[in-house]
Amino acid sequence: MADTAQVTELDSGIRVVTENIASVRSVALGLWVRTGSRDETPAQAGVSHFLEHLLFKGTKRYSAIEIAEVFDGLGASVNAATGKESTNLYARFLDTHTDEAFELLAEMLLGPTYPEIDSEREVVLEEIAMYEDEPQDKVHDVLDRAVFGGHPLGRRVLGEAEVISSIPIGEIDAYHRAHYTGANIIVAAAGNIEHDAIVELTRRHVEPPPAAQNGADNEPPELESAKFAFQQKDTEQFHIALGGPGIDRGDERRYAITILDAVFGGSTSSRLFREVREKKGLAYAVGSYTQQYADSGLVGLYVGTRADNVEEACSIIARELASLHADGITPDELNRAKEHVKGRMVLSSESTAARMGRIGKALLFDTPLLTIDELIEKIDAVTLDEVAELARGFYSPDGLSAAAIAPNEDRFRSALAPVNEALAAA
């Protein structure tokens, strides 16, 4: 299966990356901007995400309703996403509608007119309120704050209600003009397209101002010792997240840490899933994850469990963390995890949206633009020693911060003691 990407850089600094998949009749198109919540000041907390919403609310030519009608008329699906370091406006559509879909996406990205800003403030405020009622999601941001402290990586992408309710249009527009610039923009497309045609569409429709600032110039976080964070809430479960510093996205060890995460809690045969859920029935949701950023990263785990089970669940997590840290993983686990990770990669490669995302993010974050075969080679090359070194370096129980949203802090501290007695007593 050929999956070689083509790249062109325009005079404006915009880069175009495409991957032709002649066997399909669809196109996945993404306009990526290297800006996110870490680029905000505290007074701007949430402006990146708010701006993403406002891209859909109107341009000089189209109202919000008309934008929706045009995409519906093209049989397209359109959406957007904001992260800590990126914003992405994307659509999937029939290959016969590439020109029209591209032109409208570009106009939305670079020409928002903010006509319905006050009603959209209310929408985002409702999203924040909904999020506050979802402790299984919110606890990860509580953990981020514990790990990254006051650094922008420690702030949530949604931002703060006080900012969203009051930030004026002028400041939002200034943020847009400063960050939605040539060097920060990637045009990525995968599907039944020709590279030169996408380059020509980019030249015609994507004309941002000259490059200004880039998220890559941000200061890296100064990571300190493990922290304890607790938010009291009358929930049915104790929502618990443990985590600490990880590796950045350019680190060659990212393949090994993907393997390690799959063994520890990132798959249904993982240690945490097996021991906490399958054997003991202590949780419905339990698992681990990793995050990589430009200059830092995070390793984490989550469990949601009822008060009667919280001590036993944390004891099992403590045991599995200690075992992973001291002994690494077994050859059988290594081989099974490699096949699991490779399988996910190959299966996702059959989706135009996933392929567009892979090549777009690689260019956006200046990581190697590898083919699926090259990625598989990287996974196959991971050794037990590499995994064991990562386990020793990043999964020490006393190096992990602890966060919880739950009804009883004392009970959480008591349950946390087997993981890190000093942190539980802090």
Side-chain angles (χ1 to χ4, degrees), residues 32-52 81-88 128 131-132 137-164 167 171-172 174-175 178-179 184 212-231 240-251 253-254 257 261 288-302 361 364-367 390 393-396 398-405 420 423 426:
W32 296 80
V33 186
R34 189 163 175 164
T35 190
S37 58
R38 77 169 293 176
D39 297 285
E40 303 162 356
T41 66
Q44 297 170 326
V47 69
S48 300
H49 173 254
F50 189 22
L51 179 54
E52 172 226 303
T82 306
K84 294 197 175 183
E85 296 183 318
S86 67
T87 303
N88 175 214
I128 292 172
Y131 166 85
E132 291 288 344
D137 295 328
K138 185 179 178 183
V139 71
H140 298 290
D141 284 335
V142 179
L143 177 66
D144 284 352
R145 174 68 73 173
V147 174
F148 294 111
H151 188 272
L153 286 176
R155 296 201 294 265
R156 65 184 185 185
V157 173
L158 284 178
E160 301 302 324
E162 310 83 68
V163 174
I164 301 304
I167 189 167
E171 289 187 27
I172 298 170
Y175 186 89
H179 293 275
N184 280 359
Q213 60 191 98
N214 191 306
D217 297 329
N218 289 341
E219 290 294 321
E222 295 182 6
L223 302 175
E224 301 175 354
S225 58
K227 297 288 192 297
F228 177 92
F230 182 85
Q231 288 192 10
I240 298 168
L242 307 178
I247 62 173
D248 65 65
R249 66 168 57 89
D251 194 316
R253 297 175 297 171
R254 63 188 181 276
I257 208 165
D261 179 65
S288 65
Y289 59 96
T290 66
Q291 298 281 1
Q292 278 97 47
Y293 303 114
D295 46 21
S296 186
L298 180 140
V299 299
L301 66 89
Y302 165 82
K361 284 185 282 189
L364 189 72
F365 297 122
D366 300 315
T367 56
L390 285 169
F394 295 101
Y395 288 84
S396 170
D398 60 9
L400 301 181
S401 293
I405 299 176
N420 186 335
L423 193 62

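Note that the coordinates shown come from a computational prediction; the quantities given were computed from them, not determined experimentally.
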> Looking at residues at least two apart in the chain, or sitting in another chain, which of them share a side chain to side chain donor-acceptor pair (under 3.5 Å) with N420?
Replying inline: none
> Does N88 reach the main-chain N or O of A81 with its side chain, forming a donor-acceptor pair under 3.5 Å?
Replying inline: no
> According to the interplanar angle, ranging from 0 to 90°, do the rings of H140 and Y289 count as parallel (below 30°), tilted (30 to 60°) or perpendicular (above 60°)?
Replying inline: perpendicular
Give the table of side-chain donor-acceptor pairs shorter than 3.5 Å for residues 242-250, with sequence neighbours excluded, one pair per line with atom names and distance.
from: D248; atom 1: OD1; to: G250; atom 2: N; distance (Å): 2.8
from: D248; atom 1: OD1; to: D251; atom 2: N; distance (Å): 3.1
from: R249; atom 1: NH1; to: E85; atom 2: OE1; distance (Å): 2.7
from: R249; atom 1: NH2; to: E85; atom 2: OE1; distance (Å): 2.8
from: R249; atom 1: NH2; to: Q292; atom 2: O; distance (Å): 3.1

> When rounded to the nearest 0.5 angstrom, what is the spacing between CD1 in I240 and OH in Y302?
Replying inline: 8.5 Å
>> Using modelled atom types and a 3.5 Å cut-off, is there a donor and acceptor pairing between side-chain atoms of T82 and backbone atoms of T87?
In response: no
> If only atom types and distance count, is the side chain of S288 paired as donor or acceptor with the main-chain N or O of L301 below 3.5 Å?
Replying inline: no
> Taking NZ, NE, NH1 and NH2 as the nitrogens, is one of them in D366 or K361 under 4.0 Å from a carboxylate oxygen of the other?
Replying inline: no
> If every non-hydrogen atom of L223 is compared with every non-hydrogen atom of S296, which pair is closest and at what distance?
Replying inline: CD1-OG, 3.9 Å
>> If I take atom CG from residue L423 and atom CG from residue L400, how far apart are they, to the nearest 0.5 angstrom?
In response: 9.0 Å
>> Evaluate K84 against D144 for salt bridge (charged side-chain N to carboxylate O under 4.0 Å, His left out), listing each step before the verdict.
In response: CA-CA 11 Å; K84 294 197 175 183; D144 284 352; 2.7 Å; yes
> Tell me, do I167 and V47 make a side-chain contact under 4.5 Å, heavy atoms counted?
Replying inline: yes
> Where is the tightest heavy-atom contact between V142 and Q231, given as atom of each residue plus distance?
Replying inline: CG2-NE2, 3.6 Å
> Taking all non-hydrogen atoms of both residues, which atom of S37 and which atom of V157 are closest, and how far apart?
Replying inline: OG-CG2, 3.7 Å
>> Would you say that D295 contacts P221 through its side chain, given a criterion of any heavy-atom pair below 4.5 Å between the two side chains?
In response: yes
>> Show me the pairs that pass side-chain hydrogen bond (donor to acceptor under 3.5 Å, both in side chains) and involve residues 148-163, at least two apart or across chains.
In response: E132-R156
> Between CG of D141 and CZ of F148, what distance do you get to the nearest 0.5 Å?
Replying inline: 11.5 Å
>> Y395: which residues meet the side chain to side chain donor-acceptor pair (under 3.5 Å) condition with it, sequence neighbours left out?
In response: none
>> Counting C-beta onward and ignoring hydrogens, is there a side-chain heavy-atom pair between Y293 and P220 closer than 4.5 Å?
In response: no
> Where do A294 and R34 come nearest, in terms of heavy atoms and distance?
Replying inline: CB-NH2, 4.1 Å
> Roughly how far, to the nearest 0.5 Å, is the OG atom of S86 from the CD atom of E52?
Replying inline: 10.0 Å
> At what distance, to the nearest 0.5 angstrom, does CD of E171 lie from OG1 of T41?
Replying inline: 8.0 Å
> Can you name the closest pair of heavy atoms from V139 and A403 and give their distance?
Replying inline: CG2-O, 3.9 Å
> With sequence neighbours left out, what residues match D137 under side chain to side chain donor-acceptor pair (under 3.5 Å)?
Replying inline: none
> Rounded to the nearest 0.5 Å, how far apart are OG of S401 and CZ of F228?
Replying inline: 11.0 Å
> Is a side-chain N or O of S48 found less than 3.5 angstrom from the main chain of G36, in a donor-acceptor match?
Replying inline: yes
> Counting only N and O atoms by type, is there a donor-acceptor contact under 3.5 Å from the side chain of E40 to the main-chain atoms of G46?
Replying inline: yes
>> Ignoring hydrogens, what is the shortest heavy-atom contact between Q44 and D39? Give both atom names and the distance.
In response: OE1-O, 4.1 Å
> Partners of D261 by salt bridge (charged side-chain N to carboxylate O under 4.0 Å, His left out), sequence neighbours excluded?
Replying inline: none
